[in-house]
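Take a look at the structure below.
Both backbone and side-chain heavy atoms feed into the values below; hydrogens, waters and symmetry mates do not.
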Amino acid sequence: MKKKLIISIAGFLIFLFCFFASVLVRDYFNEISLRTNIHRIKVGMSEKEVIQILGKPSDKVMSDVPGLYWTYQTNSFNYHDNPDELDHILLEMGSDEKVVKVYDF
C-alpha cells in the first residue's frame, strides 16, 4: 500500500514537471516566432495580413489616438509582479484597421 502511494505521488510529480516544462518551451518558441515575424509587418498592412503573419493578438487595448494597440502574450504563467510585463505591445492599428506603427521588442 505504501509503495503504491509513493509510486502514485512520484508519477504525479513527473506529470506536473513535464506539463510545466512543455508550457515553458511553447512560450519560448512563441516569443522567438514573434521576434522573427514582427519584422515582416509594415505600416499600412491590413488586419487580415497581420493575423496571417503573427496570428490573433492576445488583447486589443485602446490607444491614445483613434485605434488600438495589439498585444501578444508570451508568458502563460503570468508570474511577473508588473502586469505591463505580461504582454508585448507590437502594433498600433488605426481606426481604418491598418497598421499605423510597429514596435520592436
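- Residues satisfying the salt bridge (charged side-chain N to carboxylate O under 4.0 Å, His left out) test with Glu92, not counting sequence neighbours, are none.
- Test Asn37, Thr36, Asn30 against Ser33 for side chain to side chain donor-acceptor pair (under 3.5 Å) and you get one pass: Asn37.
- A search for salt bridge (charged side-chain N to carboxylate O under 4.0 Å, His left out) contacts involving Lys101 returns nothing, not counting sequence neighbours.
- Residues satisfying the ring pair (Phe, Tyr, Trp, His ring centres under 6.0 Å) criterion with Phe20, sequence neighbours excluded, are Phe77.
- Both Leu24 and Phe19 are members of a single hydrophobic cluster when ILVMFWY side chains are connected at heavy-atom separations under 4.5 Å.
- Within the model, atoms OG of Ser22 and CZ of Phe17 stand 10.0 Å from one another, a figure rounded to the nearest 0.5 Å.
- Under the 4.5 Å side-chain heavy-atom criterion for grouping Ile, Leu, Val, Met, Phe, Trp and Tyr, Phe12 is connected to Val23 within one hydrophobic cluster.
- Looking at Thr71, its side chain never comes within 3.5 Å of a backbone N or O of Ser58 through a donor-acceptor pair.
- Between the CG atom of Leu54 and the CG atom of Leu90 there is a distance of 6.5 Å, given to the nearest 0.5 Å.
- Only one option out of Met93, Lys42, Glu47 pairs with Val99 in a side-chain contact (heavy atoms from CB on, under 4.5 Å); it is Met93.
- Residue Phe29 holds its CZ atom at 13.5 Å from CG of Leu34, rounded to the nearest 0.5 Å.
- Between Glu97 atom CD and Glu49 atom CD the span is 12.5 Å, to the nearest 0.5 Å.
- When the side chains of ILVMFWY residues are joined at heavy-atom separations under 4.5 Å, either directly or via intervening members, Ile53 and Leu68 end up in a single hydrophobic cluster.
- Between the side chain of Tyr72 and the main chain of Gly55, a donor-acceptor pair closer than 3.5 Å is present.
- For residues 33-71, the set of pairs meeting the ring pair (Phe, Tyr, Trp, His ring centres under 6.0 Å) definition, not counting sequence neighbours, is empty.
- In this structure, the separation between CZ on Arg40 and CE on Met45 is 7.5 Å, given to the nearest 0.5 Å.
- Under the side chain to side chain donor-acceptor pair (under 3.5 Å) criterion, Asp27 pairs with Ser76, sequence neighbours left out.
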Side-chain polar contacts of residues 1-9 - donor-acceptor pairs under 3.5 angstrom, sequence neighbours left out - could you list them?
{"unit_1": "Ser8", "atom_1": "OG", "unit_2": "Lys4", "atom_2": "O", "d": "2.9"}

